[in-house]
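Heads up, the thing below is written out as structure tokens.
Since the model is a prediction, treat every value here as computed from it, not as a measurement. Side chains included, hydrogens not; waters and symmetry mates left out as well; all remaining heavy atoms used. The chain is numbered in sequence order, starting from 1.
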Amino acid sequence: MIKVMLVDDEPIEREGISLILSKNRSNFEVVAEARNGKEAVERALTSKPDLVFMDIKMPEFDGIEAIRRIVPSLPNTKFIMVSAFDTFDYAREAMKFGIKEYLLKPSKVSEVVEAFDRMVEEIASEKQQVTETNQINRRLERVHSFIERDFIVSLIMDHVHEFDQGEWDEWLGLELKHKKGFAAVFSFESDRLHPDREEKSRWYRMLKQVLHEHSASCFIGPLTGFQVPVLVLFTDLEKEDDEIRHDFARSILHQVQKKVEQCRLYAGIGMVVSNVNHFSNSYKEAIYALELVHNHRSATYLVYNERLKQKRKELIPFEIEKELVGAIKKGDMQKGLQMFESYFQSIQQATDFQVKLVQKAMDDFFIVLTRSVKELGFDGPIQVGLGQLETTMQIKEVAKSQLIDITEQLGEWRANGMRALLVQAKEYIDSNYHKAISLEQVAEEIGISSYYLSKLFKDRFQVTFIEYLKNTRIQKAIELLLDGNMPLKEIALNVGYKDPNYFSTAFKKEVGLSPRDYRNKYHQ
């Protein structure tokens, strides 16, 4: 629908054009009318018409002046000039604004309709062109985003790429040769254990927006797990490298944290490199710094320095392995992925980056992990072994994929399977409390380790297995005491106590009365 505005100081002229259009065309709507140049400007800016039939000679100021004031605000609006005078000077002025249609009063019906049709076609053509341009721009933005991510990933993983330095410069729109920069790795942590993809995408978009507002020379990698790698380039010679890195981290974290809810953002910052081809070194440093942030939550970011460099050399991976296995067993995806980054780097350093040794270490880790999760009673499929891989980065990505799969399975199993195990254990105790049952017997019955069964009871019921069994026996004893005149010795045997004296002592400790006194009190 074309929005039309009619401008003429004679009401009959406005009515005439409106009548001609309404009888011959239906694809329009008169959204405003004006009787002089001043009104024309005011109402055009309010109604934003697509097409204006503009009289030239009017009070206040003429049609040419009205157009001159309208066009800066509404550059896409089209005009058809209407005049009772065939004056070349007016036409020449109108041509300055790109106006091509000129009607003489009184206008023939065919002339009005044909001028209208030509303008409608032009409007439609321009709108189509704008749509196509916007689509192209959106595609180019997406392509640029993909190229940016590919660039970051290629630097992180030291890929040999088919693009040379000059082609990267052309694609990314800057000269990288004389730039220096550093890696930053941002890590999101949600209040929810398993945030969905849409929520993580929202965090990612917010971080990208803040980074691009901060600097045009930030290249942002993909969100993998909960982490986003970023390459920050700069040529600022007035500040020290450390000051630049600290300012950057504080600014980004502050801006993002103001805009996201139920989520915290942390950062590790690598050292400055003078050649972007050494970016992978800065990235590894950023990952290590980030891991230290996660282990010491008094900080939200950490900048890698020489002191941390020395500490990193002394890192022992066994403690990290223990934490990693613990996070996976809990189904904690965020911590698991964070610990894996640090653990894998430790393995690489310990093996001097030798592919076969790295793969052997990771294969051994999955054997340890398999044993650990089987102890929980988890019987889901777990792939042990990574196959034959050629690079440490391939090993890392395959191992990470398997860890994500295992962690997701364990998370789901803990939500559903753990409850079922506790029901089985409780049912077994309820049926066998009168026997001399042990934690080991119940664990074997339901198919999990005694250690894990003990932990389940403590987590779920806030009591140990022994306390739970004792409470069950005492409750059963109370039922028998209130139910009749069964001898106390027989009651003790029926609830699993071979020694009546021990039963009496245990009962009094829990209830506050001996079995005999309890029965007498409630049978009076």
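Of the candidates Y304, Y301, F182, Y301 is the only one forming a ring pair (Phe, Tyr, Trp, His ring centres under 6.0 Å) with H246.
Once rounded to the nearest 0.5 Å, the distance linking CD1 of I220 with NE2 of H212 reads 3.5 Å. To the nearest 0.5 angstrom, L21 atom CG is 13.0 Å from E29 atom CD. Summarising the geometry, atom CD1 belonging to I328 is positioned 9.0 Å from atom CZ belonging to F340; distances are rounded to the nearest 0.5 Å. Note that CZ of R264 and OG of S187 are 10.5 Å apart. Values are rounded to the nearest 0.5 Å.
Every residue two or more places apart in sequence or in another chain that forms a side-chain contact (heavy atoms from CB on, under 4.5 Å) with A361 is listed here: I347. By the salt bridge (Lys or Arg N to Asp or Glu O under 4.0 Å) test, E65 is found to be paired with R68, R69, residues two or more places apart in sequence or in another chain being considered. Under the salt bridge (Lys or Arg N to Asp or Glu O under 4.0 Å) criterion, D405 pairs with no residue, sequence neighbours left out. Take S282 and apply the side-chain hydrogen bond (donor to acceptor under 3.5 Å, both in side chains) test, not counting sequence neighbours, and it matches no residue. With sequence neighbours excluded, the residues that form a side-chain hydrogen bond (donor to acceptor under 3.5 Å, both in side chains) with E126 are K78. Residues passing the side-chain contact (heavy atoms from CB on, under 4.5 Å) test with V109 are I20, N24, V113, sequence neighbours excluded. Checked against side-chain contact (heavy atoms from CB on, under 4.5 Å), K200 has the following partners two or more places apart in sequence or in another chain: P195, W203, L223, F226. Evaluation of the side-chain hydrogen bond (donor to acceptor under 3.5 Å, both in side chains) rule for E10 yields no partner, not counting sequence neighbours. E39 meets the salt bridge (Lys or Arg N to Asp or Glu O under 4.0 Å) test with R35, R43; sequence neighbours excluded. Remark: S22 engages L19, F28 in a side-chain contact (heavy atoms from CB on, under 4.5 Å) (not counting sequence neighbours). Listed by chain and number, the residues in a salt bridge (Lys or Arg N to Asp or Glu O under 4.0 Å) with K108 amount to none (sequence neighbours excluded). Annotation: side-chain hydrogen bond (donor to acceptor under 3.5 Å, both in side chains) contacts of R205 (sequence neighbours excluded): none.
Side-chain atoms of Q209 and E213 include a donor-acceptor pair closer than 3.5 Å.
Closest non-hydrogen pair, V7 versus N36, comes out as CG1-O, 4.2 Å. Scanning all heavy atoms of the two residues, the minimum distance from I56 to D62 falls at O-CB, 3.0 Å.
Under the 6.0 Å cut-off for aromatic ring centres, F188 and Y204 do not qualify, their centroids lying 6.0 Å or more apart. Residues Y343 and F365 place their aromatic rings such that the two centres sit under 6.0 Å apart.
Using a 4.5 Å cut-off on side-chain heavy atoms (C-beta onward), K258 and Q255 make contact.
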